[in-house]
Amino acid sequence: MAEAPRPLGESVRCRIAPAPTGYLHVGNARAALYNWLFARHSGGTFVLRIEDTDRVRSTDEAIGIVMGSLRWLGLDWDEGPEVGGPYGPYRQTERLHRYTEVTDRFLAGGSAYACYCTPGELEERRRLARARGEPPGYDGRCRNLSEAERAAFEAEGRQRAVRFAMPEEDVTVHDLIRGEAHFRANDLRDFVILRSDGTPTYLLAAAVDDVQMHMTHVIRGEDLLPSTPRQLKIIEALGAEPPAYAHLPLVVGADRQPLSKRHGSVAVEWFKERGFLPEALVNYLALLGWSYDETTTFFSRDELVDRFDLSRVSHNPAAFDMQKLEWMNGHYIREATDTRLTEVVTEALRGGALVPDPSVVAAAIPLVRERMSTIEEGGRLLRFLFTDDVVPDEKAANAISKAGVGFLREAASRLEAVEDWTAEEIKRVLILFQEDSHMSRRDAFAPIRAAVTGSTVSPPLYESIELLGRDRTLARLRSTGA
RNA sequence: GCCCCCAUCGUCUAGCGGCCCAGGAUAUCGCCCUUUCAAGGCGGAGGCACGGGUUCGAAUCCCGUUGGGGGCACCA
């Protein structure tokens, strides 16, 4: 039996159920976003559940990082750790007794059975099956053990795991995004639901929790599609109605391989540290596998909530495009307020071991906001203002040596005479100097910029010099190349 | 090997039988602007994987091939 649709009128409940791996993977972040949007769009409930069954790496710290990232993205949960809710606890390690209760019930009712095969034996049999070209799934050896056989295994001191006895029937999964997927009974082998150490596997824990937490929709990665028939059968054995399922296409790297650490950037925390704005990441992620119409690219959070719809989720794996994210981030930076940019850029500079004067940063923001696609980049552009350790890079050094030390000295003398140290006055004097030098503006300013900022790339010259101040500007012009 | 999913510019996508000799965004190239770099403006190049059907008509429907992804664990 395939699952029946949920009764109409029931309010939506969906969830994100990350394993606390120590960071929030962008793929999970996107799944979280889609669930959150779906819940908010329908006025439903968004639940956070931590799937930490038996993992060593499941520490409070790791869970804290995941929650911090979700909050940074603005994905608040209505039920879950720290906020509570009627169906808690929301951490699987605190729900273990529920899984063993269910397992006992299955054991008693014949939906599951004890399996005494050791991991070594299983692996060997899998290998052989594969070699024979047969499906490598469990062969059902312990499914119908006699009392005597069981006693013998027990006497041997063998560990006991519990396996779910899959009904011998085909299963159809109704997916909200993909339609129907059919699975043949023969391909659905019995699987472990309770490990020999008494902890549940994902298949059991997720299914039990989804039922007990009254989830109406399960929106998750496509990698879980093949496990859905198993969960459907567990839920059926539970005597419950299954939720509706929607499997999202996976997020892959530029090489079409699953997005992993090899690609450099998979953790939401990485984007945060690197200077991406949460609204940019949210907007980008929303469009990575979903679209609204032919042309709309920018969506405010409210617009996303208003327009999000599972039927417009794409079916194919989406490659994460860092350049497009950076472009989008630049767009949001250009739209951000001066105060906010001052704050985050100041923070970024501090992170670079500098001691920025926030008022100087504030004055410099208009100079760099169009020149940075990340906050980190803004910090790099303004570095010369907050340290005197400015060593010209290769291109800058070339520009300087081409013009000669005398040229810089002369520029310093001209600037020294500026009475009113404003960009306007500095501009007037520098242009005069450039004209006298019979050089193009480009050629004349290059060495000055190089000496003052240490780079051939910088914010506009006059304003940069104004912000740097007379003394430091003259000092740099006079010491460079000497 | 077996099972499942998928297939439009490099990338993300629009397209759900005629509006498409395929639209947008990004990336890329050129021009303009310009004190560098950006931003911005204008323009260019670039795609329906292939083969069969169905149809008056196919990017759109069906089948196959190829390709990509996922799964087949006492991971989640």
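Only heavy atoms go into these numbers, but all of them, side chains included; no hydrogens, no water, no symmetry mates.
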Arg95(A) and Pro89(A) have their tightest heavy-atom pair at NH1-O, 2.7 Å

Got a sec, which pairs hit ring-ring contact (aromatic ring centres under 6.0 Å, His included) with one end in residues 306-330 of chain A, sequence neighbours left out?
Tyr34(A)-Phe308(A), Phe271(A)-Phe320(A), Tyr284(A)-Phe320(A), Trp290(A)-Phe308(A), Phe298(A)-Trp327(A)

Spacing of the P atoms in C20(B) and U36(B) (rounded, Å)
42 Å

Which of these, Glu376(A), Glu269(A), Glu326(A), sits in a salt bridge (Lys or Arg N to Asp or Glu O under 4.0 Å) with Arg274(A)?
Glu376(A)

Counting only Watson-Crick pairs (N1-N3 plus N6-O4 or O6-N4) and G-U wobbles (N1-O2, O6-N3), all under 3.5 Å, who is the partner of G64(B)?
C50(B)

Look through every strand shown and name the nucleotide pairing with C31(B) as Watson-Crick or G-U wobble, where both distances are under 3.5 Å.
G41(B)

For Leu250(A), which contact category applies under a 4.0 Å heavy-atom criterion: base, sugar-phosphate, or nothing?
sugar-phosphate

For a quick check of understanding: with a heavy-atom distance under 4.0 Å over all strands, which category does Leu430(A) fall into, base, sugar-phosphate or nothing?
nothing

Mind checking if Gly221(A) touches a base, just sugar-phosphate, or nothing, with heavy atoms under 4.0 Å?
nothing

Short N/O separations, protein against nucleotides 37-39 of chain B, under 3.5 angstrom:
residue: C37(B); atom: O2; partner: Arg371(A); partner atom: NH1; Å: 3.2
residue: C37(B); atom: N3; partner: Arg371(A); partner atom: NH1; Å: 2.2
residue: C37(B); atom: N4; partner: Arg371(A); partner atom: NH1; Å: 3.2
residue: A38(B); atom: O2'; partner: Glu370(A); partner atom: O; Å: 2.3
residue: A39(B); atom: O4'; partner: Glu370(A); partner atom: O; Å: 3.4
residue: A39(B); atom: O3'; partner: Arg334(A); partner atom: NH1; Å: 3.4

Between A27(B) and Lys324(A), counting only base atoms on the nucleotide and side-chain atoms on the residue, is there a donor-acceptor pair under 3.5 Å?
no

Does C74(B) have its OP1 or OP2 closer than 4.0 Å to a side-chain nitrogen or oxygen of Ser196(A)?
no

Could you work out the separation of C5(B) and C48(B) based on their P atoms and round it to a whole Å?
26 Å

Strictly by Watson-Crick or wobble contacts shorter than 3.5 Å, is anything paired with C19(B), and which nucleotide is it?
none

Test item: Asn283(A) side-chain N/O and Thr297(A) main-chain N/O as donor-acceptor pair under 3.5 Å:
yes

Below 4.0 angstrom from OP1 or OP2 of C74(B), is there any side-chain N or O of Thr201(A)?
no

Mind checking Arg312(A) for me? I need base, sugar-phosphate or nothing, with any heavy atom below 4.0 Å counting as a touch.
sugar-phosphate

Sequence neighbours excluded, which residues qualify as side chain to side chain contact (heavy atoms under 4.5 Å, CB included) partners of Glu180(A)?
Thr172(A), His174(A), His182(A)

Distance check needed: A27(B) C1' versus Glu326(A) CD, whole Å only.
12 Å

As its Watson-Crick or G-U partner within any shown strand, both distances under 3.5 Å, U26(B) has G10(B)

Heavy atoms under 4.0 Å, any strand shown: does Cys117(A) hit a base, just sugar-phosphate, or nothing?
base

Across every strand shown, the nucleotide meeting Watson-Crick or G-U wobble geometry with U36(B) (both distances under 3.5 Å) is none

Applying ring-ring contact (aromatic ring centres under 6.0 Å, His included) to Phe407(A) and Phe433(A), what does each step give before you reach the verdict?
CA-CA 10 Å; Phe407(A) 179 84; Phe433(A) 174 56; 4.9 Å; yes

Roughly how many Å apart are U55(B) and U66(B), using the C1' atom of each and rounding to a whole number?
26 Å

Could you tell me how far C16(B) sits from U11(B) if I compare only their P atoms? Round to whole Å.
23 Å

Determine the interatomic distance between C1' on U8(B) and the same-named atom on G67(B); round to the nearest Å.
15 Å

Separation of the C1' atoms in C33(B) and G43(B), to the nearest angstrom:
15 Å

Keeping Thr296(A) on the side-chain end and Asp293(A) on the backbone end, is there a donor-acceptor pair under 3.5 Å?
no

Let me know the distance between CG of Leu415(A) and P of U35(B), rounded to the nearest Å.
17 Å

Nearest to the Asp223(A) side chain among G70(B), C74(B), G23(B), which nucleotide is it?
G70(B)

Report the residue (Tyr116(A) or Trp290(A)) whose heavy-atom-nearest nucleotide on RNA chain B is the more 5′ of the two.
Trp290(A)

Figure out the CE/C1' separation between Met439(A) and U36(B), and round it to whole Å.
14 Å

So, does Arg312(A) use its side chain to make a donor-acceptor pair with the main chain of Tyr292(A) at under 3.5 Å?
yes

Given that Val313(A) and Arg230(A) both sit by RNA chain B, which one's nearest nucleotide is further toward the 5' end?
Val313(A)

Measure CG/Asp255(A) against C1'/G67(B) and give the value in whole Å, please.
16 Å

Integer angstrom distance from the C1' of A25(B) to that of A14(B)
11 Å

If the condition is side chain to side chain contact (heavy atoms under 4.5 Å, CB included), which residues does Leu128(A) pass it with, not counting sequence neighbours?
Glu124(A), Arg132(A)

Determine the Euclidean distance between corresponding C1' atoms of G10(B) and U28(B); express it in Å to zero decimal places.
9 Å

Polar atom pairs (N or O), protein with nucleotides 2-10 of chain B, under 3.5 Å:
residue: C5(B); atom: O2'; partner: Arg178(A); partner atom: NH1; Å: 2.5
residue: C5(B); atom: O2'; partner: Glu222(A); partner atom: OE2; Å: 3.1
residue: U8(B); atom: OP2; partner: Asn316(A); partner atom: ND2; Å: 3.0

Can you measure Gln257(A) atom CD to U11(B) atom P for me and round it to whole angstrom units?
14 Å

Results of ring-ring contact (aromatic ring centres under 6.0 Å, His included) for Tyr113(A) - residues two or more places apart only
none

Mind listing the closest non-hydrogen atom pair of Asn35(A) and Ile219(A) along with its distance?
ND2-O, 2.8 Å

So what does Ser455(A) hit on the nucleic acid, given a heavy-atom distance under 4.0 Å: a base, only sugar-phosphate, or nothing?
nothing

What's the CG-C1' distance between Leu288(A) and G69(B), to the nearest Å?
15 Å

Which whole-number value in Å describes the distance from Asp190(A) CG to A73(B) P?
12 Å

Contact class for Ala446(A) vs. all strands (heavy atom < 4.0 Å): base, sugar-phosphate, or nothing?
nothing

Between atom CZ in Phe299(A) and atom C1' in C12(B), what is the gap in whole Å?
12 Å

Can you tell if the side chain of Phe384(A) reaches within under 4.5 Å of the side chain of Arg476(A), non-hydrogen atoms only?
yes

As a quick check of understanding, evaluate salt bridge (charged side-chain N to carboxylate O under 4.0 Å, His left out) for Arg143(A) and Glu168(A), giving each step before the final call.
CA-CA 13 Å; Arg143(A) 185 156 181 171; Glu168(A) 305 277 331; 3.8 Å; yes

Answer with base, sugar-phosphate or nothing: what part of the nucleic acid does Arg163(A) contact at a heavy-atom distance below 4.0 Å?
sugar-phosphate

